[in-house]
Amino acid sequence: MGGAVSAGEDNDELIDNLKEAQYIRSDLVEQAFRAIDRADYYLEEFRDSAYKDLAWRHGNIHLSAPCIYSEVMEALDLQPGLSFLNLGSGTGYLSTMVGLILGPFGVNHGVELHQDVIEYAYQKLEFFIKTSDSFDRFEFCEPCFVIGNCLEIAPESGQYDRVYCGAGVQREQEDYMKNLLKVGGILVLPLEEKLTKITRTGYNSWETKKIIAVSFAPLVLPKHRDNSKPKAVPLPTMFEVRTLQDLARISIRLTLKRTVAGPGPLPRRRLAHSGERFRRRRVQHRGSTLLSNRYVFMSRLIPGPMDNNNNRSGTDTEEEQEDEEVEEEGNCRVLGDPEEQEEEERREAPVNLLRERILGLPLPELLKMYLLHYREK
């Protein structure tokens, strides 16, 4: 299932296409999708296909199409502090995006059938934590994955605010899935070839909404030997008491973040796109282009040397001065070769303002690293 939107040249362009097609509709979901590069969850030899709106499978490793994940994220109506259970958690791509929204006081669990996929998911999670600039921009609820069949979850396990199942569910399995949900919670699952949103409105009352037609592989049924007792899958602890150090770190980061960028996650600076599409956007947003060209902009505000007649020094002709006035009015002309400047903008790395603010604090180096989540565990 997929192919609903055109392919992008990078992760940001893929998200632009999903927004344009109305698969991504909320700011929280957009921020999560932009924060994690989908290609990082592909094997290296398949990365060229990462920004197509198509599902990908290699052995037991599987990713759904971007349009499916975006519909799932929107339907879950995620909020900070909620508990989330991902049945068939796979590569951890969806769970990691969810963790960016849940924040430090959420719960983020996944159940996966295959041991090799669990190992792959933890490798990708470690790569994200150690290398991604987004890890410092958000307060992250780190996912925890367990191996087992999601149809054999221990009966004493707690219920969750949000549940997603990434495999096809038959009608006889629906009640089992519903029982994993708290009152007021939301369950999203492929039910009989339809991506379905089920809201638990009371102890025995539900609201059901069909979202889109989908095609998922069915859930794998448990296999038991004769006269053997099914082995229940224990889920991780639902809530853990945070240490005073963790609570202090979260509070300090939140305070610094608000002084830098206001409430909410820091905005991710867009990387430049190549090709004709990007050039069209530059024409449409010339006002913002001038702001990024801060050196030219600031030079307009700093007066040059003055001669005895209170005129600007130099040998500018009237024609050159008129040209400069046109340049200022247009708010779009830049100094130097436009092609070179475009290439320089493309190479410029995004700035993590929160990270720079923390590194600039007069604190011991280890404490600053701790405020940056101290990635080396």
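Just so you know, residue 1 is the first one in the sequence shown, and it goes up from there.
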*Stepwise ring-ring contact (aromatic ring centres under 6.0 Å, His included) test for Phe140 and His373*: CA-CA 9 Å; Phe140 185 47; His373 284 80; 7.9 Å; no
*Could you tell me whether a side-chain N or O of Arg253 sits under 3.5 Å from a main-chain N or O of Leu371, the two making a donor and an acceptor?*
yes
*Nearest-0.5 Å distance that lies between atom CZ in Phe128 and atom CG in Asp37*: 11.0 Å
*Identify the heavy atoms of Ala35 and Ser132 that sit nearest to each other, and give their distance.*
O-OG, 4.0 Å
_Steps toward side chain to side chain contact (heavy atoms under 4.5 Å, CB included) verdict (Leu82, Leu76)_ = CA-CA 11 Å; Leu82 296 181; Leu76 286 170; over 6 Å; no
*Please confirm whether Arg38 makes a cation-pi placement over Tyr51, using NZ or CZ under 6.0 Å from the six-membered ring centre and within 45° of the ring normal.*
no
*Would you say Leu102 and Leu78 make side-chain contact, with heavy atoms under 4.5 Å?*
yes
*Which pair of non-hydrogen atoms, one from Lys52 and one from Asp48, has the smallest distance, and what is that distance?*
CE-O, 4.5 Å
*asked:* Is it the case that the side chain of Lys19 and the backbone of Ile24 share a donor-acceptor pair, with hydrogens and angles ignored and the cut-off at 3.5 Å?
replied: no
*asked:* Quick check: closest heavy atoms across Val117 and Ile61, and the distance to 0.1 Å?
replied: CG2-N, 4.3 Å
_Exam field: side chain Thr131 to backbone Phe127, donor-acceptor pair closer than 3.5 Å_ = yes
_Quick check for you: to the nearest 0.5 Å, what is the distance between Asp161 atom CG and Asp77 atom CG?_
11.0 Å
*Going through the checks in order, is the side chain to side chain contact (heavy atoms under 4.5 Å, CB included) test met by Val111 and Phe145?*
CA-CA 6 Å; Val111 180; Phe145 307 115; over 6 Å; no
*asked:* Determine whether Asp246 and Arg249 satisfy the following criterion, salt bridge (Lys or Arg N to Asp or Glu O under 4.0 Å), listing intermediate values before the conclusion.
replied: CA-CA 5 Å; Asp246 271 345; Arg249 176 183 58 79; 3.8 Å; yes
*asked:* Is the shortest side-chain heavy-atom distance between Glu71 and Tyr23 below 4.5 Å?
replied: yes
_Using the side chain to side chain contact (heavy atoms under 4.5 Å, CB included) definition, which of the options Leu189, Leu180, Asn149 pairs with Leu87?_
Leu180
*For residues His58 and Leu43, report the shortest heavy-atom separation together with the two atoms involved.*
CD2-CD1, 3.3 Å
*Could Arg171 and Glu192 be called an ion pair, given the rule that one side-chain N must be under 4.0 Å from one carboxylate O?*
yes
*On the ring face of Tyr203, is Arg200 found with NZ or CZ under 6.0 Å from the centre and within 45° of the axis?*
yes
*Would you confirm whether the ring centroid of His114 sits within less than 6.0 angstrom of the ring centroid of Tyr120?*
no
*Backbone N or O of Thr201 within a donor-acceptor pair of the Thr199 side chain at under 3.5 Å?*
no
_Run Tyr69 and Leu63 through side chain to side chain contact (heavy atoms under 4.5 Å, CB included) and show every step you take._
CA-CA 9 Å; Tyr69 281 134; Leu63 281 167; 3.8 Å; yes
*Is there a donor-acceptor pair under 3.5 Å between the side chain of Thr96 and the backbone N or O of Leu94?*
no
*Contact check, side chains of Glu174 and Leu191, non-hydrogen atoms, under 4.5 Å*: yes
*Heavy-atom side-chain contact between Pro66 and Leu18 under 4.5 Å*: yes
*Rounded to the nearest 0.5 Å, what separation is found between the OG atom of Ser70 and the CG atom of Leu14?*
8.5 Å
*Between Arg25 and Glu30, is a salt bridge (Lys or Arg N to Asp or Glu O under 4.0 Å) present by the stated rule, with each step listed?*
CA-CA 8 Å; Arg25 301 177 288 276; Glu30 179 185 355; over 6 Å; no
*asked:* Do Phe105 and Ile250 make a side-chain contact, defined as non-hydrogen atoms from C-beta onward lying under 4.5 Å apart?
replied: yes
*Evaluate the side-chain proximity of Ile36 to Leu100: yes if any heavy-atom separation is below 4.5 Å, no if none is.*
yes
*asked:* Under a 3.5 Å distance rule, please check whether Ser251 uses its side chain to pair with a backbone N or O of Leu247 as donor and acceptor.
replied: no
*asked:* What verdict does the side chain to side chain contact (heavy atoms under 4.5 Å, CB included) test give for Tyr160 and Leu235, after you've listed the backbone C-alpha separation in whole Å, the side-chain angles of each residue and the deciding distance to 0.1 Å?
replied: CA-CA 11 Å; Tyr160 290 77; Leu235 294 178; 3.4 Å; yes
*Nearest-0.5 Å distance, CG of residue Leu85 to CZ of residue Arg162*: 13.0 Å
*List the steps, then state whether salt bridge (Lys or Arg N to Asp or Glu O under 4.0 Å) holds for Arg47 with Asp40.*
CA-CA 8 Å; Arg47 285 179 67 95; Asp40 289 341; 3.5 Å; yes
*Pair Glu139 + Lys257: basic N to acidic O under 4.0 Å*: yes
_If you define the side chain from C-beta out and look only at heavy atoms, does anything of Val146 sit under 4.5 Å from Pro234?_
no
*asked:* Tell me the closest heavy-atom pair linking Leu256 and Leu361, and the distance in Å.
replied: CD1-CD1, 4.0 Å
*Please examine the side chains of Asn108 and Glu142, heavy atoms only from C-beta on, and report whether any two atoms are closer than 4.5 Å.*
no
*Is there a donor-acceptor contact under 3.5 Å from the side chain of Glu112 to the main chain of Ile118?*
no
*Which heavy atom in Ser49 sits nearest to a heavy atom in Tyr42, and how many Å separate them?*
O-OH, 3.8 Å
*Point-to-point distance, once rounded to the nearest 0.5 Å, from CD of Gln245 to CZ of Arg242*: 12.0 Å
*Spacing of Asn86 atom CG and Tyr93 atom OH [to the nearest 0.5 Å]*: 13.0 Å
_I'd like to know if the side chain of Glu74 and the backbone of Ser26 have a donor-acceptor N/O pair within less than 3.5 Å._
yes
